[in-house]
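All ligand and atom numbering here is 1-based and tracks the order in the structure. Counting from 1, the numbers follow the sequence of the chain as shown.
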Amino acid sequence: MKAIKKLIGVLIFCSTILFSICLSAQDYVPALENLEARKWFQEAKFGLFVHWGVYSILGDGEWVMNNQNIAIDEYEKLPTFFNPIDFDPEAWVSMVKEAGMKYITITSRHHDGFSMFDSKATDYDIVDATPYGKDILKALAEECRKQDIKLFFYYSLLDWNRDDYFPRGRTGTKIPGRGTGLWEDYIAFMKIQLTELLTNYGDIGGIWFDGHWDQKEWDGEKFGKLKVDWHYDEIYGLIHELQPQALIGNNHHIGVINGEDFQMFEKDLPGKNTTGWGTASDQIGSVPLEVCETINGSWGFNLQDRKHKSDKELIHYLIKAAGYGSNMLLNVGPMPNGKIQPKHQTSLKAIGKWLASNAKSIYGTQRGPIAPTDDFVSTQKGKTVYLHILNPKLNIIHMGSVPLKIKNIRSLNSQNSIPFRNDKFGLVLDISKLTKDNIDTVIQIELK
Ligand code: GLC
């Protein structure tokens, strides 16, 4: 009897825990506007990531303060000569449109702690601390509205400048001049800034958080426990309350946390984790996905970075991301004068040109039913599957059996029929007669 009572007790205890876990996982119910925004985002497929801050002056990426252990008082000299007089929001947004991108995600404040917008919570911002004196986010927000491009703000959780970012995280530990302060003050500071970002720039696309991982224990090989409470419930709650349509994503490299609306994958296709610190495949959520990648090898402007990706590599990445049902957020690091490197502008134009003639097969699509390989990738819209042939040397494609009821298969551009067979031995396509494009040849599979 005693044993049965004990068992019942354990069962009640377990179900209470399970219930509260389920409850907290379900706490957040996205508003209707939010669900619409998610749909828009999922279909948008392509955006521009912009890493721009006072670090661009040093031409050594956005981590330069940490990498060169620049003392706080030395780093603070940078704003005094940050004067991007050639920043032309109209030119930026027109470039984005021509590239076929639908949104921009720009760093409002990076790990160096410098705010690229007018903030009442600090004087360490572009309006108060630079000779330029203008709020670049405001100018960009206005131009985006004019040209119908959505604007998202990247916001760093991690800060190498402020005393109240304490306890300190894993990074920036050798930067001279860092003080101590109260974590609760830091959370309060972030809330004021986020309120500013969500009230002073009209309706925004969303907030892109980064730096969560800084507060995780690290033994040199793997991450351990989180040292702090980021107060996500309050921060996310605040954002959703101020602008329900604004989408929240967090580059924490783990599964979706309650309150988040999209999930990002840094320098990796969803589930790939080639970086070693990326999101594991079993952590992919059921929210819209976004992959971010650099146009060269750096996020912030890096003068000596010569790893510019070819047009083909960039377009392939966009296609592959779409094949995984994901957006691609392609990054440029503007120069200190506010211009984007001509080489990068040329690449963006080339992608835009490609997209203009292959639009159907990317925008508005979902992950396709044919599993992606290095040679081909599929996307789908309604009853049409787009098979992107990335390897122009392919003549016969033989894949395992795919449960598709196929009506016909044609080339997207020429609309010529493609011979195929689909039976228990798999799907076989004969594309030997097809004129292949060196970048991508799109085949349209109509389903019954
Ligand atoms: C990393 C870096 C950061 C960059 C971001 C973009 O988290 O810390 O510099 O902003 O990736 O994905």
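Counting atoms of ligand 1 from 1 in the listed order, those under 4.0 Å from a heavy atom of Tyr154 are 10 (O). Proximity to His110 (heavy-atom distance under 4.0 Å) selects the following atoms of ligand 1: 3 (C), 4 (C), 9 (O), 10 (O). Near Asn251, with a cut-off below 4.0 Å to any heavy atom, the atoms of ligand 1 are 7 (O), 11 (O), 12 (O). Per-residue contacts place Trp208 under 4.0 angstrom from the following atoms of ligand 1 (heavy atoms of the residue considered): 12 (O). In summary, the atoms of ligand 1 found under 4.0 Å from a heavy atom of Cys292, numbered by their order in the structure, are 12 (O). Close approach of ligand 1 to Glu266 (heavy-atom distance below 4.0 Å) involves ligand atoms 1 (C), 5 (C), 7 (O), 11 (O), 12 (O). Heavy-atom contacts of Asp210 reach the following atoms of ligand 1: 1 (C), 2 (C), 3 (C), 4 (C), 5 (C), 7 (O), 8 (O), 10 (O), 11 (O) (cutoff under 4.0 Å).
Using a 4.0 Å cut-off between charged side-chain N and carboxylate O, Asp311 and Lys309 make no salt bridge.
Nearest non-hydrogen protein atom to atom 10 (O) of ligand 1 is His51 NE2, 2.5 Å. The protein heavy-atom contact nearest to atom 2 (C) of ligand 1 is Trp63 NE1, 3.4 Å.
The environment of CD in Glu217 is crowded: more than 12 heavy-atom neighbours from other residues, nucleotides or ligands sit within 6.0 Å.
Geometric assessment of Lys102 against the ring of Tyr363 yields a positive cation-pi assignment under the 6.0 Å and 45° thresholds. Geometric assessment of Lys339 against the ring of Phe87 yields a negative cation-pi assignment under the 6.0 Å and 45° thresholds.
Rounding to the nearest 0.5 angstrom, the gap separating the OG1 atom in Thr441 from the CG atom in Asn391 is 9.5 Å. Distance check: Arg38 CZ to Phe262 CZ gives 10.5 Å after rounding to the nearest 0.5 Å. Taking CG of Leu329 as the start and CZ of Phe46 as the end, the distance is 9.0 Å to the nearest 0.5 Å.
In terms of polar-atom proximity, Glu62 is counted as a contact of ligand 1, with an N or O under 3.5 Å from an N or O of the ligand.
Residue contacts with ligand 1: His111 is included, with a non-hydrogen atom under 4.0 Å away. Residue contacts with ligand 1 leave out Lys267, since none of its heavy atoms falls under 4.0 Å from the ligand.
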*Kindly determine whether His252 and Tyr232 satisfy ring-ring contact (aromatic ring centres under 6.0 Å, His included), including the steps that lead there.*
CA-CA 12 Å; His252 42 43; Tyr232 286 139; 7.1 Å; no
